[in-house]
Amino acid sequence: MADDNVSRLTDYDSLDPLREQYQESLISKPVLRRELREHHVALLCIDLQYLDAARGHGVFADSAVSGIPLEAQEYYFHRLEETVLPNVRRLQDAFRSQQMEVIHTRIRSLTRDGRDRSPGHKRLGLHAAPDSKDAEFVDEVAPKGDEIVLDKTASGVFNSTNLHYILRNLDISSLVIVGVYSNECVSTAVRDACDLGFYVTLIEDCCATVTPEMQRATITTIKDRYARVMTTDEAIREITRVQEAS
């Protein structure tokens, strides 16, 4: 009897009473295709820098004291190096080929001693000083030309920068989001962007965190409620088809 009750509860929890409303108002493909066609879409690349996306640097400078088990570190970097970074670069190139905005965020303080950092980053000991290696973007997915770069010292890019103001000035109403960590800065950006009224697409094979369980949980929570979830191939096909049809 107890098992039956658990099963019924699980089935109930899997239902979303607002699914149809979300699909129509936030996840509608016709709306997002129009956004692409009219260039109201930007690619937002989150924290792909040496601080947290490169072996032997930043929070992974000493793997033994990072607080992340070696097995989790290996999973994370294997996913980054083999899947996420190559796919992000493909997506960046697709956006650039259509003259659409590619925007980059990174963790970087204004001061060398980091006194301007958020209380949260001070507690965590996160610090990427100006001109430090940790503040540099990973070469494969670094900004090009005059692409916009925003520095932040908190998890949420909308809370800690003027990104919202910039997007409105650019007439951007849709965001495609990639980066690290899926369950932290990426998830925060997705939720905040949705709350602010942007149409959001999360690229599932362009983001990573330190365990497959957290990756799956993040995607499950976000999918079709805060954002569309797509693969890199699906996103590139959509961009190409929309532009060819326009």
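Source: prediction; values computed, not measured.
The CD atom of Glu140 sits 9.5 Å away from the CD atom of Glu81 when rounded to the nearest 0.5 Å. Rounding to the nearest 0.5 Å gives a distance of 11.5 Å between CG of Leu175 and CG of Leu202. Taking CG of Leu51 as the start and CG of Leu126 as the end, the distance is 6.0 Å to the nearest 0.5 Å. Rounded to the nearest 0.5 angstrom, Ile236 CD1 and Met230 CE are separated by 10.0 Å. Between the SG atom of Cys45 and the CD1 atom of Ile103 there is a distance of 9.0 Å, given to the nearest 0.5 Å. Taking CD1 of Ile107 as the reference point, atom CD of Gln49 lies at 5.0 Å (rounded to 0.5 Å).
Residue pairs meeting the salt bridge (Lys or Arg N to Asp or Glu O under 4.0 Å) criterion with at least one member in residues 144-162, sequence neighbours excluded, are Asp47-Lys152, Arg96-Glu147, Arg106-Asp151, Arg108-Asp151. Judged as a salt bridge (Lys or Arg N to Asp or Glu O under 4.0 Å), not a single pair has a partner in residues 57-73 (not counting sequence neighbours). Judged as a salt bridge (Lys or Arg N to Asp or Glu O under 4.0 Å), not a single pair has a partner in residues 171-192 (not counting sequence neighbours).
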Inset, instruction - Start with the C-alpha gap between Val176 and Ile203, add the side-chain angles, then the distance that decides, and say whether side-chain contact (heavy atoms from CB on, under 4.5 Å) holds. - result: CA-CA 7 Å; Val176 175; Ile203 308 301; 3.6 Å; yes
Inset, instruction - Just do the side-chain contact (heavy atoms from CB on, under 4.5 Å) check on His104 and Val102 with the steps written out, would you? - result: CA-CA 7 Å; His104 308 259; Val102 178; 3.5 Å; yes
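Applying the side-chain contact (heavy atoms from CB on, under 4.5 Å) test to Asp195 and every residue at least two apart in sequence or in another chain returns nothing. Evaluation of the side-chain contact (heavy atoms from CB on, under 4.5 Å) rule for Leu196 yields Phe158, His164, Phe198 as partners, not counting sequence neighbours. Every residue two or more places apart in sequence or in another chain that forms a side-chain contact (heavy atoms from CB on, under 4.5 Å) with Thr209 is listed here: Tyr181, Ser182, Asn183, Met214, Gln215.
The nearest pair of heavy atoms linking Ala227 to Val190 is CB-CG1, 3.8 Å. Contact record, Ser160 with Gly156: OG-O, 2.7 Å, taken as the closest heavy-atom pair. Between Ala135 and Ala129 the shortest heavy-atom distance is CB-O, 3.6 Å. The two residues Cys206 and Val88 come nearest to each other via the heavy atoms SG-N, 3.6 Å. Heavy-atom minimum distance, Asp52 versus Val59: CA-CG2, 4.2 Å. The two residues Leu43 and Phe95 make their nearest non-hydrogen contact at N-CE2, 3.5 Å.
Taking a cutoff of 4.0 Å between a charged side-chain nitrogen and a carboxylate oxygen, Glu136 and Lys133 qualify as a salt bridge. The pair Glu204-Arg216 fails the salt-bridge criterion, with no side-chain N (NZ, NE, NH1 or NH2) lying under 4.0 Å from an Asp/Glu carboxylate O. Salt bridge absent: Arg79 and Asp205 never bring a charged side-chain N and a carboxylate O closer than 4.0 Å.
Using a 4.5 Å cut-off on side-chain heavy atoms (C-beta onward), Lys122 and Ser118 make no contact. Residues Leu44 and Thr105 have side chains in contact (heavy-atom distance under 4.5 Å, counting atoms from C-beta outward). Thr218 places a side-chain heavy atom less than 4.5 Å from the side chain of Ser187. Using a 4.5 Å heavy-atom threshold, the side chains of Glu238 and Arg241 count as separate.
For Phe137 and Tyr50, the gap between ring centers reaches or exceeds 6.0 Å.
Formation of a donor-acceptor pair under 3.5 Å by the Gln99 side chain with backbone atoms of Ser97 is found in this model. With Arg117 contributing its side chain and Gly114 its backbone, the two residues share a donor-acceptor pair below 3.5 Å.
Both Tyr76 and Leu124 are members of a single hydrophobic cluster when ILVMFWY side chains are connected at heavy-atom separations under 4.5 Å. Taken together through direct or relayed side-chain contacts under 4.5 Å among Ile, Leu, Val, Met, Phe, Trp and Tyr, Tyr75 and Leu48 form parts of separate hydrophobic clusters. Note on Leu170 and Ile46: same hydrophobic cluster, where clusters join Ile, Leu, Val, Met, Phe, Trp and Tyr whose side-chain heavy atoms are under 4.5 Å apart, directly or indirectly.
In this model, a donor atom of one side chain and an acceptor atom of the other lie less than 3.5 Å apart for Thr201 and Arg228. Side-chain contact check for Asp233 and Thr231: no donor-acceptor pair (N or O, by modelled atom type) lies under 3.5 Å.
Under the side-chain contact (heavy atoms from CB on, under 4.5 Å) rule, Leu163 has a single partner from Leu150, Ile172, Ile148, which is Leu150.
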